[in-house]
Amino acid sequence: MTYREQKNYDDMSNALREAGVSFEDTTWGNDATASISVLLDTGGGLDFEEEFQIYIPNSDIFDPQNECFNTFSVTLIEQGRTVDFRRPKEVIEYLQEFTN
């Protein structure tokens, strides 16, 4: 992991902890970026969970051809929908929308 990626990973994992969100490190050694998986109860007590994959920025620039990414990309696995954010706080706010 690059210094930038480690810092972003630490910032994201700390924000998740502070928000009371359980997560798992799902980074593989050959991935373009580190990643975190989150399962959220979104069924209002009906035992329905949504899985989110958070990809961690590894650079200050966006250059996908060279595997450089500068946003937190959050993918809702079931729908395959991805939304990008600049800061961990924005990711937390997005995730909380699914539990309210």
Side-chain angles (χ1 to χ4, degrees):
M1 229 185 276
T2 65
Y3 169 79
R4 170 69 55 208
E5 189 173 14
Q6 184 66 58
K7 182 184 179 327
N8 288 329
Y9 181 92
D10 292 344
D11 290 348
M12 188 71 252
S13 60
N14 288 335
L16 289 166
R17 275 189 209 96
E18 288 174 13
V21 176
S22 297
F23 64 93
E24 178 181 353
D25 181 349
T26 51
T27 305
W28 288 81
N30 62 348
D31 285 347
T33 69
S35 61
I36 294 173
S37 179
V38 172
L39 283 175
L40 292 179
D41 178 4
T42 59
L46 300 175
D47 287 335
F48 185 75
E49 291 183 323
E50 293 278 2
E51 182 178 3
F52 298 83
Q53 193 72 28
I54 304 169
Y55 298 97
I56 308 299
N58 62 2
S59 179
D60 290 330
I61 62 169
F62 181 74
D63 182 3
Q65 287 184 316
N66 289 307
E67 297 183 346
C68 295
F69 304 96
N70 63 349
T71 59
F72 292 90
S73 294
V74 181
T75 299
L76 177 53
I77 299 298
E78 191 72 25
Q79 296 178 8
R81 182 179 66 195
T82 300
V83 183
D84 293 331
F85 301 97
R86 290 278 183 202
R87 300 178 327 208
K89 179 182 177 185
E90 295 169 328
V91 173
I92 299 299
E93 291 169 354
Y94 175 71
L95 294 176
Q96 289 174 335
E97 291 176 14
F98 289 87
T99 59
N100 295 330

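Side chains included, hydrogens not; waters and symmetry mates left out as well; all remaining heavy atoms used. In this text, all values refer to a predicted model and were calculated from it rather than measured experimentally.
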Phe72 and Ile54 have their tightest heavy-atom pair at CD2-CG2, 4.5 Å

Would you check, one step at a time, whether the test side chain to side chain donor-acceptor pair (under 3.5 Å) holds for Glu5 with Thr33? CA-CA 8 Å; Glu5 189 173 14; Thr33 69; 4.9 Å; no

Would Val83 end up clustered with Ile56 when hydrophobic side chains under 4.5 Å apart are linked, directly or stepwise? yes

Run the side-chain contact (heavy atoms from CB on, under 4.5 Å) check on Phe98 and Leu76 step by step: do they pass? CA-CA 11 Å; Phe98 289 87; Leu76 177 53; 4.0 Å; yes

Side-chain H-bond candidate by donor/acceptor type, Ser35 with Gln53, under 3.5 Å: yes

With rounding to the nearest 0.5 Å, note down the distance linking CD in Glu93 to NZ in Lys89. 5.5 Å

To the nearest 0.5 Å, what is the distance between CD1 (Ile36) and CG (Leu16)? 5.5 Å

Donor-acceptor contact present, side-chain Asn8 to main-chain Pro57, <3.5 Å: yes

The single option from Lys7, Gln6, Met12 passing side chain to side chain contact (heavy atoms under 4.5 Å, CB included) against Tyr9: Gln6

Whether the Asp84 and Ser73 side chains hold a donor-acceptor pair (N or O, under 3.5 Å, no angle test) is what I'd like checked. yes

Looking only at heavy atoms, what is the nearest atom pair of Trp28 and Thr26, with distance? CD1-O, 3.2 Å

For the backbone of Pro64 and the side chain of Glu67, can you confirm whether one donor and one acceptor N or O come within less than 3.5 Å of each other? no

Whether Asn66 side chain and Cys68 backbone form a donor-acceptor pair below 3.5 Å: no

Glu50 and Leu39: CA distance, side-chain angles, deciding distance, side-chain contact (heavy atoms from CB on, under 4.5 Å) verdict: CA-CA 6 Å; Glu50 293 278 2; Leu39 283 175; over 6 Å; no

Determine, step by step, whether Leu40 and Leu95 satisfy the side-chain contact (heavy atoms from CB on, under 4.5 Å) criterion, reporting the C-alpha distance in whole Å, the side-chain angles of both residues, the deciding distance to 0.1 Å, and the verdict. CA-CA 8 Å; Leu40 292 179; Leu95 294 176; 3.9 Å; yes

Flag if over 12 foreign heavy atoms under 6.0 Å of CD, Gln79: yes

Side chains of Glu18 and Asn14: any donor to acceptor distance under 3.5 Å? no

Could you label the plane-to-plane angle of the Phe52 and Tyr94 rings as parallel, tilted or perpendicular, counting under 30° as parallel and over 60° as perpendicular? perpendicular

If we ignore hydrogens and angles and just use 3.5 Å, is the side chain of Asn58 paired with the main-chain N or O of Ala32 as donor and acceptor? yes

Let me confirm one number: the CG-OG distance from Asp25 to Ser13, rounded to the nearest 0.5 Å. 9.0 Å

Are Phe85 and Val74 packed together at the side-chain level, in the sense that at least one heavy-atom pair is separated by less than 4.5 angstrom? yes

Would Tyr55 end up clustered with Phe69 when hydrophobic side chains under 4.5 Å apart are linked, directly or stepwise? no

What's the shortest heavy-atom distance between Arg4 and Ser59, and which atoms? CG-N, 3.8 Å

